[in-house]
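Heads up, the thing below is written out as structure tokens.
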Amino acid sequence: MQTTGVRLLDDRAGSGRDEARPAGAIWAAPGYFEALRIPLVHGRLFDERDGADAGPAAVINVSLARRLFGTSDATGRRLRLDREPAVWMQVVGVVADTGTSDRAGDLVDPTPWLLYRPIAQSDQPPSVVFARTAGDGAALVGEMRQALRRADPSLPVIAAGTLASHLDDSLAVSTRIAQSLAGLGLLGVCLAAVGLYAVVAFSVLQRIREIGIRMALGASRPRVAWSVTRGAIGLVGAGTAIGLALSVAVVVALRAAAAPAPGITLYRPSVNPAGLAWIAAAMAVVAIAAAYVPARRAARLDPLVAMRRE
């Protein structure tokens with residue numbers, strides 16, 4: 001796929017607008033859309049009518065049609081490319097939006113606007129062959145290699161594989177990075193939990209004399225333990241709420257950030273309610289355990305011994 005500038009001639013409206021929009025250009029043969037199961041929305045797909053002697057034709061996706069013409073039904077409209085300013089192509093069909101090459105490219109540098117041109121009108125031979133099978137795709141790869149060698153022994157087959165394996169391989173590096181970041185995040189949560197437990201447990205131990213006085217005045221052990229635990233839970237709950245609010249604010253700020261230059265796509269994170277709820281629940285469990293365990297242990301002490309503790 002090549003990225004090029006698409007220019008619009010609004011001949012139906014008669015306004016003569018000529019605007020450049022970056023878009024991905026893909027050479028496609030008849031059967032290309034059927035093999036990749038890209039749905040047709042308006043018009044038709046490439047066929048024998050789009051040969052080398054026919055007029056320049058193009059199929060665009062819905063996003064480009066709406067961007068250029070303000071409607072998804074752009075059949076019959078004309079457009080041209082920056083590198084071929086004298087060649088006007090007529091839109092013969094509009095297809096649904098789809099990915100471009102692999103999952104890594106669609107995540108890191110997505111191309112929402114796509115333009116397809118018939119390979120018969122290209123001055124270069126096709127370099128990629130797609131085939132769909134209802135059976136085992138891995139077995140078909142070997143048969144396709146043999147068929148290409150029989151057709152032209154001098155034709156090199158640089159790479160061959162199933163589309164599923166290609167998509168999985170395209171995410172291999174991203175998957176490793178995501179796993180590493182997930183491990184670091186989990187380590188951070190564990191360190192935060194250990195630190196929280198230590199701080200809360202220490203603060204409870206500092207109140208042993210208070211617990212002894214309450215016990216001497218007749219307070220029951222469960223009531224004393226719950227009173228101390230409730231105070232710690234309130235403090236940790238307030239801190240967790242502030243942390244979650246700051247996290248959401250940072251995510252919103254990153255989503256609102258503008259790209260530093262045209263053509264650069266920024267990753268825009270989204271708020272993950274499940275993840276935030278999991279972190280809040282983990283901190284709550286740690287806080288309860290850190291407060292209740294030492295408070296219950298202190299409540300079991302003799303009141304006189306507890307009041308003498310420093």
Side-chain angles (χ1 to χ4, degrees), residues 97-112 164-208 210-211 221-260 264-300:
D97 295 340
T98 183
T100 54
S101 57
D102 52 42
R103 291 172 179 170
D106 291 337
L107 289 174
V108 178
D109 188 19
T111 306
S165 63
H166 173 70
L167 294 177
D168 292 339
D169 293 341
S170 68
L171 283 183
V173 176
S174 301
T175 300
R176 295 191 187 96
I177 294 175
Q179 291 173 346
S180 301
L181 294 178
L184 292 176
L186 182 60
L187 178 61
V189 172
C190 293
L191 292 177
V194 172
L196 177 63
Y197 186 95
V199 171
V200 174
F202 179 77
S203 66
V204 173
L205 291 177
Q206 294 295 104
R207 301 176 61 182
I208 287 184
E210 174 189 343
I211 294 174
R221 291 176 180 177
R223 186 172 182 178
V224 171
W226 170 244
S227 176
V228 175
T229 304
R230 183 174 55 190
I233 291 175
L235 182 62
V236 173
T240 302
I242 294 174
L244 293 178
L246 291 176
S247 300
V248 173
V250 170
V251 171
V252 172
L254 290 176
R255 289 187 63 85
I264 297 180
T265 303
L266 296 179
Y267 171 69
R268 302 188 184 279
S270 58
V271 177
N272 186 355
L276 296 179
W278 183 87
I279 294 175
M283 294 298 103
V285 171
V286 171
I288 293 174
Y292 182 76
V293 172
R296 187 168 177 269
R297 186 179 302 167
R300 289 180 175 181

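Just the heavy atoms: all of them, side chains too, but no hydrogens, waters or symmetry mates, feed the values below.
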Checklist line | Identified side chain to side chain contact (heavy atoms under 4.5 Å, CB included) counterpart of V248 within the set V251, L244, V252, V250 | finding: V252
Notebook entry, point to check: Is the shortest heavy-atom distance from the side chain of N272 to the side chain of L276 under 4.5 Å?
Noted result: no
Check: Out of L187, V189, V194, which one pairs with L191 under the side chain to side chain contact (heavy atoms under 4.5 Å, CB included) rule?
Finding: L187
